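One structure is given here, and the rest of the page talks about it.
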Amino acid sequence: MRRVVVTGMGAVTPIGIGVDKFWEGIKENRVGIGPIQNFDTAEYKAKLSAEVLDFNVKDYIDAKAAKRMDRFSQFAVTASVEAMKDSGLQVTNEDSYRLGVCIGSGVGSLMGIEREYDKLLAKGPGRIHPLTAPLVLGNMAAASVAMYHGFQGKCIDVVTACATGTNSIGEAFRSIQHGELDAVLAGGVDSSVSRFGVATFDALTALTDSEDPLCASIPFDRRRNGFVTGEGAGILVLEELEHAKARGAHIYAEIGGYGATCDAHHVTTPLEDGSAAAKAMTMAMEDAGVKPEEVDYINAHGTSTKYNDLFETRAIKLAFGNSAYRVHINSTKSMIGHMFAGGGGAELITCIKSINEGYIHPTVGLVEDDPECDLDYTKGEGLSVPVHIAISNSLGFGGHNATVLVKEYF
């Protein structure tokens with residue numbers, strides 16, 4: 001199998017646009033959660049979200065191109081531009097059919113659908129924007145990125161709910177491993193802090209009703225009572241090792257393994273024993289030839305819901321055995337909320353930065369221990385420790401489980 005490395009990264013998050021600002025926010029324990037700005041929440045139980053408040057698309061990408069994208073696609077292209085600049089990859093020097101895109105969106109543009117539906121009701125069908133269909137489709141983030149950069153190889157939109165970003169990275173990894181592509185822009189994006197989006201999760205009682213931003217997304221804390229909707233993108237340049245070396249690229253880390261399973265159990269509730277999620281972690285470790293005791297750090301899915309955090313804890317215990325009690329764990333969602341498909345990309349970037357800088361951030365807001373969640377979730381302060389091998393977990397409605405293992409490059 002061909003080896004796969006990461007040579008570029010880009011991020012749009014509620015705590016910073018760009019990887020440097022995102023990581024700065026991580027190290028400052030910045031919580032990007034606040035009152036929902038996108039609509040009036042008077043009739044909603046959920047009052048908080050993790051929105052990207054300072055995004056002006058004209059600051060990041062060509063204004064003419066941006067007009068043919070909805071917000072989630074703009075996020076994806078913005079993050080991809082940063083990742084491409086970071087990697088130094090030049091399309092003009094490559095066979096464009098060897099360059100691919102694997103960027104998923106869990107829901108596409110709910111905001112766009114709402115906007116145009118309001119026009120339909122108020123003014124009739126003749127006032128709908130003529131590009132509505134392509135603007136709101138979930139695959140348009142991947143397509144927009146491909147068009148923006150001229151990537152003509154495989155271009156796919158993996159959709160596995162909240163596991164989308166991690167599955168996308170894993171499938172890109174496989175495409176390079178097996179020789180289909182030499183480099184892939186991979187990750188996830190979503191922007192669905194909308195009236196309908198929040199209402200659906202509210203009706204499911206999946207969202208927190210906390211009005212305190214610092215006590216809203218608190219994974220593994222016994223007070224947790226739901227997740228916080230978020231938005232953003234995390235995009236990486238994955239590249240075949242010899243291809244990267246031949247052009248003198250800087251290598252951040254190596255993708256070592258990938259595991260994906262399905263609970264085949266329930267539309268929302270994970271398997272209570274965590275067995276399928278555990279299998280995804282085990283598969284990723286076996287794929288990489290890594291033993292549980294060699295893993296230094298787990299970036300957990302960690303949504304701050306009662307069942308997710310409990311069942312993921314059980315999954316880690318199944319996958320890691322006695323090593324479950326020594327591995328460092330945290331949840332980046334404690335700061336950025338639940339970015340849905342965007343979370344997988346941003347959380348893998350967090351793993352890579354942790355490897356590069358030897359720092360594991362705390363699970364911010366974790367104060368009161370849940371006796372059933374009894375592992376090391378990095379409570380209190382962050383840790384300055386060597387990180388050689390890390391895994392990132394993502395779990396999605398429908399029972400989708402995805403794990404990517406990343407390791408220090410030698």
Side-chain angles (χ1 to χ4, degrees), residues 15 25-33 50 162 166 208 210 213-228 230 270 272-274 277-278 280-281 292-293 295-339 343-344 346-351 353-355 357-387 389-395 401 403 405-406:
I15 60 171
I26 290 289
K27 291 192 291 185
E28 292 176 355
N29 299 344
R30 188 182 306 153
V31 175
I33 297 169
C162 307
T166 300
T208 182
S210 173
L214 300 181
C215 295
S217 185
I218 48 173
F220 306 107
D221 191 294
R222 73 172 186 85
R223 299 167 297 159
R224 68 189 186 279
N225 71 345
F227 71 83
V228 174
E272 292 188 17
D273 65 359
M281 287 183 262
E293 57 267 28
V295 176
D296 302 299
Y297 162 47
I298 299 171
N299 191 296
H301 188 58
T303 61
S304 188
T305 60
K306 178 181 177 181
Y307 287 147
N308 176 90
D309 296 0
L310 173 58
F311 299 163
E312 189 174 8
T313 294
R314 291 174 181 172
I316 292 169
K317 291 178 181 178
L318 280 176
F320 280 78
N322 291 334
S323 295
Y325 289 91
R326 55 150 294 278
V327 67
H328 300 295
I329 306 165
N330 65 13
S331 173
T332 305
K333 291 181 180 69
S334 63
M335 288 180 267
I336 62 174
H338 199 337
M339 287 167 47
E347 289 157 17
L348 189 65
I349 289 171
T350 301
C351 288
K353 294 294 287 185
S354 294
I355 289 171
E357 298 196 12
Y359 175 74
I360 298 172
H361 73 72
T363 299
V364 178
L366 173 55
V367 175
E368 298 186 23
D369 296 331
D370 180 339
E372 292 189 279
C373 295
D374 58 348
L375 301 178
D376 177 6
Y377 307 108
T378 319
K379 179 182 176 182
E381 298 296 324
L383 302 172
S384 294
V385 294
V387 180
I389 299 173
I391 68 173
S392 180
N393 287 337
S394 294
L395 317 176
N401 307 300
T403 297
L405 183 148
V406 63

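By convention here, the first residue in the shown sequence is residue 1. The shown structure was predicted, so the numbers you read here are calculated from the model rather than taken from an experiment.
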When you check the gap from the basic side-chain N to the acidic O, do [X] and [Y] get nearer than 4.0 Å?
X	Y	value
Arg222	Glu372	no
Arg326	Glu293	no
Lys317	Asp374	yes

inquiry  = A side-chain contact here means heavy atoms from C-beta on lying under 4.5 Å apart; do Asn393 and Thr166 qualify?
reply    = no
query = Side chains of Tyr359 and Ser384: does their closest heavy-atom pair fall under 4.5 Å?
reply = yes
Inter-residue atom distance [X].[atom1] - [Y].[atom2], 0.5 Å rounding:
X	Y	atom1	atom2	value
Ile15	Glu28	CD1	CD	9.0 Å
Ile389	Tyr297	CD1	OH	14.5 Å
Cys373	Lys306	SG	NZ	10.5 Å
Thr208	Arg223	OG1	CZ	10.5 Å
Cys351	Asp296	SG	CG	11.0 Å
Ile298	Ile391	CD1	CD1	4.5 Å

Mark yes or no for whether [X], through its side chain, and [Y], through its backbone, hold a donor-acceptor pair below 3.5 Å.
X	Y	value
Glu312	His301	yes
Asp376	His328	no
Asn401	Leu395	no
Ser334	Val364	yes
Thr363	Ser331	yes
Ser217	Val228	no

inquiry  = Is it the case that the side chains of Thr303 and Thr305 hold a donor-acceptor pair, with the cut-off being a distance below 3.5 Å and no angle test?
reply    =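 Judged by distance alone, the side chains do pair up.
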task = Check whether the side chains of Asn299 and Thr332 place a donor and an acceptor atom closer than 3.5 Å, and report yes or no.
result =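 Yes, Thr332 and Asn299 have a side-chain donor paired with an acceptor closer than 3.5 Å.
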Specify the closest pair of heavy atoms between [X] and [Y], including all atoms of both residues, with the distance to one decimal.
X	Y	answer
Ala319	Ala278	CB-O, 3.7 Å
Ala315	Ala277	CB-CB, 3.8 Å
Ile336	Ala50	O-CB, 3.2 Å
Met335	Gly25	SD-O, 4.1 Å
Phe220	Ala300	CZ-CB, 3.9 Å
Met281	Phe320	SD-CE1, 4.0 Å

message = Test of understanding: with ring pair (Phe, Tyr, Trp, His ring centres under 6.0 Å), list the residues that count as partners of Tyr325, not counting sequence neighbours.
response =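 In terms of ring pair (Phe, Tyr, Trp, His ring centres under 6.0 Å), with neighbours along the sequence ignored, Tyr325 is linked to no residue.
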message = If the test is side chain to side chain donor-acceptor pair (under 3.5 Å), which one of Asn330, Asp309, Thr313, Asp370 qualifies with Tyr377?
response = Thr313
task = Check the angle between the aromatic planes of Phe227 and His338 and answer parallel, tilted or perpendicular using the 30° and 60° thresholds.
result =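 Phe227 vs His338 ring planes: perpendicular.
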inquiry  = Determine whether Asp273 and Arg314 satisfy the following criterion, side chain to side chain contact (heavy atoms under 4.5 Å, CB included), listing intermediate values before the conclusion.
reply    = CA-CA 6 Å; Asp273 65 359; Arg314 291 174 181 172; 5.6 Å; no
Passing candidate, side-chain contact (heavy atoms from CB on, under 4.5 Å) with His361, options Thr350, Thr378, Leu383 = Thr350
Residues forming a salt bridge (charged side-chain N to carboxylate O under 4.0 Å, His left out) with Asp369, sequence neighbours excluded = Lys379
ask   = Which is it for Ile218 and Val367 under the side chain to side chain contact (heavy atoms under 4.5 Å, CB included) test, yes or no, and what are the steps along the way?
value = CA-CA 8 Å; Ile218 48 173; Val367 175; over 6 Å; no
